[in-house]
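The next block holds one structure in the form of structure tokens; read it before the comments.
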Amino acid sequence: MKRRESSAVFAERVLQCVDDAGADERVVIWIERKPGALWAVGRSVNPQHRPSDEPPPIDYVFEGYELEDALEQANATLEDDLRVSRQDGRSAEADRFAREELLKPLERWFFGH
């Protein structure tokens with residue numbers, strides 16, 4: 001997902017799921033770094049159908065200063081969507097978000113400015 005220049009997406013997972021009516025839907029979960037040293041976790045359903053790439057405030061499920069808290073929330077959100085997908089008969093799989101995958105982009109983002 002595209003973000004404002006002042007934010008940086010560090011990790012993202014995309015799940016192919018189904019909605020309540022059985023139609024295909026795309027769920028995107030991401031971790032980004034916002035201005036003011038804030039970590040944010042977002043979850044968006046079918047963002048490809050939106051008129052803008054900018055996520056609305058309601059898409060954010062977490063904002064805080066601790067990376068570990070962001071990871072915990074991102075993985076809980078991911079697990080919830082995977083569980084529901086399995087209950088719906090889909091075999092959606094996705095790797096958990098890991099601290100290591102965020103550290104390299106964080107270093108590039110921090111030292112690149």
Side-chain angles (χ1 to χ4, degrees):
M1 295 189 63
K2 188 177 177 184
R3 299 283 173 266
R4 297 172 294 254
E5 289 182 23
S6 58
S7 294
V9 174
F10 283 29
E12 181 178 272
R13 303 292 185 268
V14 178
L15 305 175
Q16 299 301 326
C17 302
V18 294
D19 65 14
D20 293 340
D24 288 337
E25 73 179 3
R26 182 173 171 233
V27 176
V28 180
I29 301 165
W30 70 92
I31 299 174
E32 77 180 79
R33 183 80 168 177
K34 290 181 149 190
L38 275 176
W39 288 102
V41 175
R43 179 187 180 275
S44 180
V45 177
N46 291 326
Q48 71 276 15
H49 298 307
R50 294 184 176 174
S52 168
D53 289 333
E54 189 68 31
I58 197 165
D59 280 0
Y60 289 98
V61 296
F62 170 83
E63 286 187 351
Y65 294 102
E66 297 298 326
L67 174 57
E68 294 304 321
D69 293 342
L71 282 166
E72 183 179 322
Q73 185 63 51
N75 283 319
T77 302
L78 179 63
E79 282 302 316
D80 285 347
D81 278 306
L82 288 172
R83 182 180 39 76
V84 169
S85 181
R86 287 183 203 113
Q87 289 172 347
D88 290 341
R90 294 282 176 121
S91 59
E93 294 296 325
D95 292 333
R96 290 177 54 84
F97 291 95
R99 180 182 175 84
E100 295 75 30
E101 82 179 287
L102 301 174
L103 294 181
K104 285 198 185 278
L106 178 61
E107 289 174 5
R108 281 194 305 270
W109 182 81
F110 185 74
F111 294 114
H113 282 76

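Numbers for residues simply follow the sequence, beginning at 1.
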- Between Leu78 and Ile29, what is the shortest heavy-atom contact and its length? CA-CD1, 3.6 Å

- Note on the structure: Distance col, row Glu107:CD vs Leu102:CG, nearest 0.5 angstrom, shows 11.5 Å

- Message: Determine whether a donor-acceptor pair (N or O, by modelled atom type, separation under 3.5 Å) exists between the side chain of Arg13 and the backbone of Asp95.
- Response: yes

- Message: A side-chain contact here means heavy atoms from C-beta on lying under 4.5 Å apart; do Asp69 and Trp39 qualify?
- Response: no

- Item | Closest non-hydrogen atom pair between Val45 and Glu25, with its separation | CG1-OE1, 3.3 Å

- Item | Test item: Asp59 and Arg50 side chains (from C-beta on) under 4.5 Å apart, heavy atoms | yes

- Item | Smallest separation among heavy atoms of Ser85 and Gln16, with atom names | OG-O, 4.4 Å

- Query: Does one hydrophobic cluster hold both Phe62 and Leu38, with members joined at side-chain heavy-atom distances below 4.5 Å?
  - Reply: no

- Heavy atoms only: give me the nearest Ala98-Glu101 pair and the separation to one decimal. N-OE2, 2.9 Å

- Any Glu68 side-chain heavy atom under 4.5 Å of Arg99 side chain: yes

- Consider only side-chain heavy atoms of I, L, V, M, F, W and Y, link residues closer than 4.5 Å, and tell whether Leu15 and Val61 are in one cluster. yes

- Measure the NZ-CD distance between Lys34 and Glu63 for me, rounded to the nearest 0.5 Å. 3.5 Å

- Residues which pass salt bridge (charged side-chain N to carboxylate O under 4.0 Å, His left out) with Asp24, listed by chain and number, not counting sequence neighbours: Arg90

- Taking all non-hydrogen atoms of both residues, which atom of Glu32 and which atom of Val9 are closest, and how far apart? CB-CA, 3.9 Å

- Salt-bridge contact Arg43-Asp80 (side-chain N to carboxylate O under 4.0 Å): no

- Return the minimal non-hydrogen interatomic distance between Gly36 and Tyr65, and the atom names on each side. O-CE2, 3.2 Å

- Does Glu79 CD have over 12 foreign heavy atoms under 6.0 Å away? yes

- Can you name the one residue among Val14, Val27, Val28, Asp53 that meets side-chain contact (heavy atoms from CB on, under 4.5 Å) with Pro47? Val28

- Could you tell me whether the side chain of Val41 reaches within less than 4.5 Å of the side chain of Phe97, counting heavy atoms only? no

- If only atom types and distance count, is the side chain of Thr77 paired as donor or acceptor with the main-chain N or O of Gln73 below 3.5 Å? yes

- Could you state whether Phe10 and Leu67 fall into the same hydrophobic cluster, counting links through intermediate Ile, Leu, Val, Met, Phe, Trp or Tyr residues with side-chain heavy atoms under 4.5 angstrom apart? yes

- Message: So, taking the atom named NE2 in His49 and the one named CZ in Arg26, what distance separates them when rounded to the nearest 0.5 Å?
- Response: 9.0 Å

